Amino acid sequence: MERKGFKMLSVKNLCQSYKNGNEVYHTLKNVSFEIQKGEFVAIMGPSGSGKSTLLNCISSFIPYDSGKITLDGINLTNLAEKEIAEVRNKRLGFVFQDFMLLDGLTVFENVCVPKVIQESPYKPMEAKAKKLLQMFDIERIAKKYPAEISGGQRQRTAVARSLMNDPLIILADEPTGNLDSRSSEAVIQAFIEAKKQLQATIFMVTHDSISASYCDRVIVMKDGQIHKEMKNRGNRKVFLDQLLNIFKDLNGGDGNDVD
Ligand SMILES: Nc1ncnc2c1ncn2[C@@H]1O[C@H](COP(=O)(O)OP(=O)(O)O)[C@@H](O)[C@H]1O
Ligand SMILES: [Mg+2]
């Protein structure tokens, strides 16, 4: 906990656009925010508001027009391709909506993948994987294959995998998007454990207000801009009500499903 309050991610005046013939579509318009070490932050907003684009800019999967992204003091803007790959493999953790597990590998082997890629020694890798499997209550299924386990177990496997390299930040795009509410909650609890036990920093896109209500802070995007930032003051139910109200205003809908 010693570095809690330390600035982990800083995004400053980020602008991104797509060109389609002569037309330019601005996806991100001057987006600025910070995330502290050990924070669990959700990003919400209507479909097409730029959430995935923002995540992909942070992981340098897509280029941007201007602005600056800094991770743990490393200026990610203008890094060479080789350095970007290094940051992605060693310093970032990813969790995707469709899990992205390798079907031919067991749960244990999937969790080990980030270390295997780095040709890390077996013993410490095994110890680390076991610890993570235990933490997320998937130790019993370590020898099973993805096809043999539930969606919630698959996603908890993916969360364990994302932590194998002690990433500076975990980027998760709709990690509960394919899960029922019970499995979703188990995945959110896995993030909360990672935050508590490993001081993990998590940045998660979600359109589920219930999932977001477990976060420390929610950044709401609209039309490529930050519409609002909301802080969880400690009472989850109160925070959930605030989130539902925001989205009622934003879509004129029931507030729970922003997309
Ligand atoms: N490769 C692309 N080419 C052109 N437009 C894109 C591309 N990817 C996304 N967009 C557009 O950028 C906007 C933001 O998309 P996205 O970041 O995926 O939104 P969100 O994740 O919030 O639903 C959308 O209008 C989308 O159509
Ligand atoms: Mg998206």
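Everything numeric in this text was worked out from a predicted model, so none of it was measured. Remember, it's 1-based here, ligands and their atoms both numbered in the order they're listed.
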Could you tell me which atoms of ligand 1, counted from 1 in the order shown, lie closer than 4.0 angstrom to a heavy atom of Tyr25?
-> 12 (O), 13 (C), 25 (O)
Does Lys29 pair with Asp223 as a salt bridge, N-O distance under 4.0 Å?
-> no
Hey, does the side chain of Arg156 reach the backbone of Phe136 with a donor-acceptor pair shorter than 3.5 angstrom?
-> yes
Closest to atom 17 (O) of ligand 1 by heavy-atom distance, out of Asp173, Leu54, Leu55, Thr53, is Thr53
Ion pair Lys130/Glu126, N-O distance below 4.0 Å | yes
Short side-chain donor-acceptor distance under 3.5 Å, Asn165 and Gln118 = yes
Heavy-atom nearest option to atom 24 (C) of ligand 1, drawn from Ser49, Gly48, Cys57 = Gly48
Is it true that some N/O/S atom of Thr53, main chain or side chain, lies under 2.8 Å from the Mg ion (ligand 2)?
-> no
